[in-house]
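What follows is a short report on a single structure.
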Number of protein chains: 2
Amino acid sequence: MLSKASKYAITAVLYLTNSSNKQHKLGSKQIAKALDIPAPFLAKTLQELTKKKIISSVKGPNGGFYLSKENENNTLFDIIACIDDVEKFNDCYLGQFECNEDKPCVVHHLYFPFKNELINKLKTKTILEMSNEYAHNNNLTQILK
Amino acid sequence: MLSKASKYAITAVLYLTNSSNKQHKLGSKQIAKALDIPAPFLAKTLQELTKKKIISSVKGPNGGFYLSKENENNTLFDIIACIDDVEKFNDCYLGQFECNEDKPCVVHHLYFPFKNELINKLKTKTILEMSNEYAHNNNLTQILK
DNA sequence: AAATAAAAGGACAAAAATATCTTTTTTTAT
DNA sequence: ATAAAAAAAGATATTTTTGTCCTTTTATTT
């Protein structure tokens, strides 16, 4: 499972995709308030993302966080790997010391393919793609109303 | 993800299936040593399992933990639910507030079916079944040697 | 009946994750 | 230049999880 920090990070980045741009940046407090996330904790998380160039920031008046074109090529996996120890994906779901194709745990044959598909999805889904999907989704919603 | 306590519990119960019976009980320390699990922590966990009748125990000399016939009808899910808050299975994998068929997160269509299959497996797999599979597995290993 | 061995129970400690607060630095706008 | 606004950095606090220790209870064996 992802840590809260990781989930906050994903949620915040998703929020940035459609509420910010280089001209209109968002402060960590604004984001935290909009998403109901503990503000100082999110600030820390956003700092880490910035340090690893997953997102961008500018200090000072009218500063804040936003996504550059380069940032948008980052994937969901990049966000997660920035915050969590991704090695945990390799652990046996039931915590069995020995768990592999030869000696699989009870859910290995269920978990292993899922995990691989999941990681593949996380590694190929870019922020840009998610942004587009979100926009599309919202248009649909508008139309349906 | 399951907590360590849950994983320890599963590992210990699995160990009990093939190393103990009503005649030959196992102490929490023995189990902890054999499985390389922090002994007092495991003791606590085994107590909870006992309290909810997932496993059995007898105090005093030659006492210890074992599995009764009734215990063996318990499922993996019962073990997990005894230790962890199972509600977490319902949370969105990416921590999105709104995540359902109508407004799915990026991995919802991957995670949702997996989760359902997983829970189904955990709810139907009894301790007895696992015990049998383990025995079978070990016979095979013996034969192959 | 007494001694003993083991679980049960409770209090405590350490570590990790989450959350908060304060100070410093940097950038922008005035 | 100065002030202000915001990120960055660092220190601290809280909560949860994990891990340890000590005492009490209970069953078994002698």
Side-chain angles (χ1 to χ4, degrees), chain A residues 1-12 16 20 22-33 35-68 71 80 82-85 87-88 91 95, chain B residues 1-12 16 20 22-33 35-68 71 80 82-85 87-88 91 95:
Chain A
M1 249 258 274
L2 306 186
S3 67
K4 278 196 180 188
S6 239
K7 290 176 174 180
Y8 290 163
I10 292 168
T11 309
L16 282 178
S20 80
K22 192 150 191 177
Q23 282 70 48
H24 184 71
K25 308 180 193 74
L26 292 178
S28 63
K29 282 175 199 160
Q30 281 178 73
I31 303 171
K33 192 167 187 185
L35 302 174
D36 197 30
I37 293 174
F41 190 69
L42 178 65
K44 272 285 149 58
T45 306
L46 294 176
Q47 275 173 39
E48 291 186 60
L49 290 171
T50 306
K51 208 183 293 175
K52 296 204 186 139
K53 304 201 194 293
I54 312 285
I55 66 176
S56 301
S57 74
V58 169
K59 289 181 177 182
N62 276 313
F65 298 93
Y66 68 99
L67 296 164
S68 69
N71 290 151
I80 294 166
C82 175
I83 312 286
D84 285 355
D85 176 11
E87 268 307 300
K88 68 179 166 192
D91 295 345
Chain B
M1 250 255 276
L2 305 186
S3 68
K4 278 197 180 190
S6 237
K7 290 176 174 180
Y8 291 162
I10 293 168
T11 309
L16 282 178
S20 79
K22 192 150 192 174
Q23 282 70 50
H24 183 69
K25 308 181 194 72
L26 293 177
S28 63
K29 282 176 198 161
Q30 281 178 73
I31 302 171
K33 193 168 187 184
L35 301 174
D36 195 30
I37 293 175
F41 190 69
L42 178 65
K44 273 284 149 59
T45 306
L46 294 177
Q47 274 173 39
E48 293 186 58
L49 291 172
T50 306
K51 208 182 296 176
K52 296 203 186 144
K53 304 202 194 294
I54 312 286
I55 65 177
S56 301
S57 74
V58 170
K59 290 181 176 180
N62 275 313
F65 297 92
Y66 69 99
L67 296 165
S68 69
N71 291 151
I80 294 167
C82 175
I83 312 287
D84 285 355
D85 175 11
E87 268 307 300
K88 68 179 166 193
D91 295 345

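Labels below follow one simple rule: chain letters A, B, ... track the order of the sequence lines, proteins then strands, and each chain is numbered from 1.
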Next item on the list: Assign B/Leu26 to base, sugar-phosphate, or nothing according to its heavy-atom contacts below 4.0 angstrom with the strands shown.
Entry: sugar-phosphate

Item checked: Interatomic distance where NZ belongs to B/Lys25 and P belongs to C/dA6 [whole Å] -> 11 Å

Checklist line | Phosphate contact (D/dA7 OP1 or OP2) by A/Ser28 side-chain N/O below 4.0 Å | finding: yes

Check: Can you check whether B/Gln30 reaches B/Lys33 side chain to side chain, under 4.5 Å on heavy atoms?
Finding: no

Checklist line | B/Ala39 vs B/Asn62, nearer the 5' end of DNA chain D by closest nucleotide | finding: B/Ala39

Check: For A/Leu42 and D/dA6, what is the distance between atoms CG and C1' respectively, to the nearest whole Å?
Finding: 14 Å

Notebook entry, point to check: Counting side-chain heavy atoms from CB outward, which of C/dA5, D/dA8, C/dT18 is closest to A/Lys59?
Noted result: D/dA8

Next item on the list: Report the distance from atom CD1 of B/Ile83 to atom P of D/dT16, rounded to the nearest whole Å.
Entry: 18 Å

Notebook entry, point to check: So which one's nearest nucleotide on DNA chain C is more toward 5', B/Ser57 or A/Gly63?
Noted result: B/Ser57

Next item on the list: May I ask you to evaluate whether A/Thr50 reaches the phosphate of D/dA7, defined as a side-chain N or O under 4.0 Å from OP1 or OP2?
Entry: no

Notebook entry, point to check: From the list D/dT18, D/dA8, C/dA7, which nucleotide is the closest neighbour of the side chain of B/Ala5?
Noted result: D/dT18

Margin query: Nearest whole Å is fine: how far is D/dC22 P from B/Lys44 NZ?
Written below: 13 Å

Note to self: Rounded at 0.5 Å granularity, tell me how far CD1 in B/Ile10 sits from OG1 in B/Thr45.
What the structure shows: 11.5 Å

Next item on the list: Could you check whether A/Pro38 gets within reach of a base, just the sugar-phosphate, or nothing at all, counting any heavy atom under 4.0 Å?
Entry: sugar-phosphate

Checklist line | Any donor-acceptor N/O pair, B/Lys88 side chain to B/Met1 backbone, under 3.5 Å | finding: yes

Next item on the list: Return yes if some donor-acceptor pair links the side-chain N/O of B/Asp84 with the main-chain N/O of B/Ser3 below 3.5 Å, else return no.
Entry: yes

Check: Rounded to the Å, how far apart are A/Gln47 CD and D/dA11 P?
Finding: 14 Å

Margin query: With a 4.0 Å cutoff (strictly under), does any side-chain N or O of B/Tyr8 reach OP1 or OP2 of D/dT18?
Written below: no

Checklist line | Atom-pair distance (CZ on B/Phe41; C1' on D/dG19), nearest Å | finding: 7 Å

Note to self: Rounded to whole Å, how long is the line connecting atom NZ of A/Lys52 with atom C1' of D/dA8?
What the structure shows: 16 Å

Notebook entry, point to check: Rounded to whole angstroms, how far apart are NZ on A/Lys29 and C1' on D/dA7?
Noted result: 10 Å

Check: Does atom NZ of B/Lys22 have more than 12 heavy-atom neighbours from other groups under 6.0 Å away?
Finding: no

Notebook entry, point to check: Which part of the nucleic acid does B/Gly60 contact within heavy-atom distance under 4.0 Å: base, sugar-phosphate only, or nothing?
Noted result: base

Next item on the list: Considering just the side-chain nitrogens and oxygens of A/Lys4, establish if one lies under 4.0 Å of OP1 or OP2 belonging to C/dA19.
Entry: yes

